[in-house]
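Only this structure's heavy atoms are used, side chains among them; waters, hydrogens and symmetry mates stay out. Counting starts at 1 for both ligands and their atoms, following the listed order. It should be emphasised that the depicted structure is a prediction, and the values quoted were computed from it without experimental measurement.
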Amino acid sequence: MSGSSITGWGSALPEKVVTNADFEARLDTSDAWIVERTGIRERRIGGTTSSLAIEAGAAAITRAGLSPSDIDLLVLSTTTPDKAVPATSATVHAQLGCSGAAFDLNAACAGYVYALVTADAMLTARIGFDRALVIGSDTLSSITDFEDRSTAVLFADGAGAVVLEHRQDSEPLVLASDLGLDGSLLPILYCEHGGYLKMEGREVFRRAVRVTVDSAAKVIAQAGIAADEIALFVPHQANQRIIDAMIQRLGIPRERAVIVLDRTGNTSSASIPLALVEAADAGRLSEGDLVLFSGFGAGMTWASAVVRWHQ
Ligand code: ACO
């Protein structure tokens, strides 16, 4: 038996806090509407995708007790790369001083689960990689129209990262995974080059609940466990009402869900690792715990995984 373990984690948020009151002053909206319809109270805006990724990645490497040169695989999930060419992971790789391979992965807000599953598969395939840094970093503020109240209040910036280390004697990390996409739903959420995010919010909401509940239920069944065996549920942080609907339909006790969106808004690829890092730092994870990840995003993509937490 061989597998990988999460041995380090870290996150980064810009310093600038933008509250609902700040939007109230500029747009036809209110704190009450934003809190009631989304659960978001404030968010962080600023930085670049690479600068946030570097900060989160460095923290994760330090937490793992490693040096950047110990990392031989860097997977960066992002929808908002710094440049068209090269990949943002090249900047992160160079500035951190990592070894080996690096690439960007774009599966929108489901990207972090895609990245985690991909990195774990590459480590366990024994094709030359031993330690992976898996980062989710996005600066959605760079593609958000701050004059459009229907999207401005939702999106924000941040990064989160974990270190995965392969071990010959370790149990598998990923017990079950489900990665998918329905391209017929592309028109409900997209952003042209140089433009802003366009979203049919109500339709995204409806579809998101359906695809994530189906996907999460699938991995719970594949893992051969019951929903109440999930110790921690780490959902994509887009809307509190989407998370509430998922918890209710999946039968996961509410207190097991990690929520950071009230303080971070929707940070796309960063949302799941930001939530995971906060839970890990708060001591909410014990050896052997089962963790359920589930996300959705533009495409429409979705991704879920059941992971066993062992360090
Ligand atoms: N303040 C006040 N009123 C607003 C605001 C705002 N910020 N935004 C929209 N409204 C208005 C609308 O104009 C509409 O008014 P109308 O009835 O006069 O036309 C009314 O509120 C209701 O609009 P809905 O869109 O039906 O509101 P809903 O309850 O669906 O909430 C929201 C909108 C928050 C966007 C919700 O649909 C949602 O969260 N959808 C999912 C979005 C999502 O998850 N996106 C991310 C996907 S992937 C990624 O992360 C990039």
Side-chain angles (χ1 to χ4, degrees), residues 18-43 49 77-81 106-115 136-160 180-183 185-192 195-213 215 234-246 259-262 264-275 293-304:
V18 178
T19 64
N20 291 349
D22 294 329
F23 283 114
E24 242 172 14
R26 299 181 39 238
L27 295 171
D28 180 16
T29 189
S30 65
D31 175 56
W33 190 95
I34 301 169
V35 172
E36 189 201 320
R37 307 312 292 167
T38 73
I40 300 167
R41 293 179 184 277
E42 61 183 42
R43 69 290 284 146
T49 295
S77 167
T78 188
T79 317
T80 48
N106 181 353
C109 307
Y112 197 75
V113 184
Y114 269 73
S137 182
D138 263 308
T139 43
L140 285 183
S141 66
S142 64
I143 54 168
T144 299
D145 179 358
F146 284 99
E147 303 303 317
D148 172 13
R149 68 176 182 174
S150 69
T151 52
V153 301
L154 304 176
F155 302 123
D157 307 331
L181 177 130
D182 180 349
L185 299 177
L186 193 153
I188 66 173
L189 180 56
Y190 64 92
C191 175
E192 301 288 358
Y196 293 127
L197 277 166
K198 302 279 182 222
M199 180 174 76
E200 290 175 35
R202 214 173 303 180
E203 191 58 13
V204 171
F205 188 107
R206 201 170 69 82
R207 298 289 187 159
V209 171
R210 193 184 300 170
V211 298
T212 46
V213 168
S215 175
V234 188
H236 174 43
Q237 310 280 313
N239 187 312
Q240 180 69 52
R241 291 184 296 133
I242 294 178
I243 297 172
D244 289 344
M246 291 186 69
I259 307 294
V260 296
L261 65 83
D262 53 327
T264 65
N266 180 344
T267 57
S268 189
S269 288
S271 91
I272 284 180
L274 277 171
F293 296 100
S294 194
F296 62 92
M300 177 175 231
T301 54
W302 61 86
S304 300

**Passing candidate, side-chain contact (heavy atoms from CB on, under 4.5 Å) with Arg43, options Asp22, Asn20, Asp157** = Asn20
**Message:** Quick test of your reading of the structure: of Arg149, Glu36, Arg241, Arg37, whose heavy atom lies closest to atom 7 (N) of ligand 1?
**Reply:** Arg149
**Request:** Would you indicate whether the side-chain heavy atoms of Leu185 and Arg207 approach each other to under 4.5 Å?
**Result:** yes
**Message:** Taking 4.0 Å as the limit for heavy-atom contacts, which would you say applies to Leu197 with ligand 1: side chain only, backbone only, both, or neither?
**Reply:** neither
**Prompt:** Listed by chain and number, what are the side chain to side chain donor-acceptor pair (under 3.5 Å) partners of Glu24, not counting sequence neighbours?
**Reply:** none
**Message:** For Ser142, give me all partners under side chain to side chain donor-acceptor pair (under 3.5 Å), at least two apart in sequence or on another chain.
**Reply:** none
**Request:** Ignoring hydrogens, just give me the one of Arg206, Arg202, Met300, Gln240 whose non-hydrogen atom is nearest atom 26 (O) of ligand 1.
**Result:** Arg202
**Asked** Looking only at non-hydrogen atoms, which of Glu200, Glu203, Met199 approaches atom 45 (N) of ligand 1 most closely?
**Response** Met199
**Item:** Close N or O approach (Thr29, ligand 1; < 3.5 Å)
**Value:** yes
**Request:** Answer yes or no: is there a side-chain heavy-atom contact under 4.5 Å between Asn106 and Thr78?
**Result:** no
**Request:** With heavy atoms under 4.0 Å as the rule, classify the contact between Trp33 and ligand 1 as side chain, backbone, both or neither.
**Result:** side chain
**Prompt:** Are any non-hydrogen side-chain atoms of Ile272 and Val113 less than 4.5 angstrom apart?
**Reply:** yes
**Asked** Any idea which protein heavy atom is nearest atom 46 (C) of ligand 1, and the distance to it?
**Response** Asn266 ND2, 3.5 Å
**Asked** Do any N/O atoms on Ala238 end up under 3.5 angstrom from N/O atoms on ligand 1?
**Response** no
**Prompt:** Does atom 18 (O) of ligand 1 have a protein non-hydrogen atom under 4.0 Å from it?
**Reply:** no
**Asked** Does the side chain of Thr212 pick up a donor-acceptor pair with the side chain of Ser294 at under 3.5 Å?
**Response** no
**Item:** Test of proximity, Thr38 against ligand 1: N or O pairs below 3.5 Å
**Value:** no
**Any side-chain heavy-atom pair of Leu189 and Lys198 under 4.5 Å** = no
**Request:** Examine ligand 1 and decide if any of its atoms is less than 4.0 Å from a heavy atom belonging to Gly297.
**Result:** yes
**Message:** For atom 49 (C) of ligand 1, what's the nearest protein heavy-atom neighbour? Residue, atom name and distance, please.
**Reply:** Cys109 SG, 2.4 Å
**Asked** What protein heavy atom is closest to atom 38 (C) of ligand 1, reported as residue, atom name and distance in Å?
**Response** Asn239 ND2, 3.6 Å
**Message:** Please tell me whether Thr151 and Thr144 have a donor and an acceptor in their side chains that are separated by less than 3.5 angstrom.
**Reply:** no
**Request:** Please verify whether a non-hydrogen atom of Ser150 lies at under 4.0 Å from ligand 1.
**Result:** yes
**Asked** Heavy atom of Phe296 under 4.0 Å from ligand 1?
**Response** yes
**Fill in**
atom 43 (C) of ligand 1: closest protein heavy atom, distance to 0.1 Å, is Val204 CG1, 3.7 Å
**Request:** Specify the protein heavy atom at minimum distance from atom 40 (N) of ligand 1: its residue, its atom name, and the distance to 0.1 Å.
**Result:** Gly201 O, 2.9 Å
**Any protein heavy atom nearer than 4.0 Å to atom 14 (C) of ligand 1** = no
**Numbered atoms and elements of ligand 1 in range of Leu189, under 4.0 angstrom, heavy atoms** = 47 (C), 48 (S)
**Prompt:** What orientation do Phe296 and His236 show, parallel under 30°, tilted 30 to 60°, or perpendicular over 60°?
**Reply:** perpendicular
**Item:** Validation row: Ser150, Met199 side chains within 4.5 angstrom (heavy atoms)
**Value:** no
**Asked** Closer than 4.0 angstrom: is that true for some heavy atom of Ile242 and an atom of ligand 1?
**Response** yes
**Request:** Decide whether Asp138 and Ser269 meet the rule of one side-chain donor and one side-chain acceptor closer than 3.5 Å.
**Result:** yes
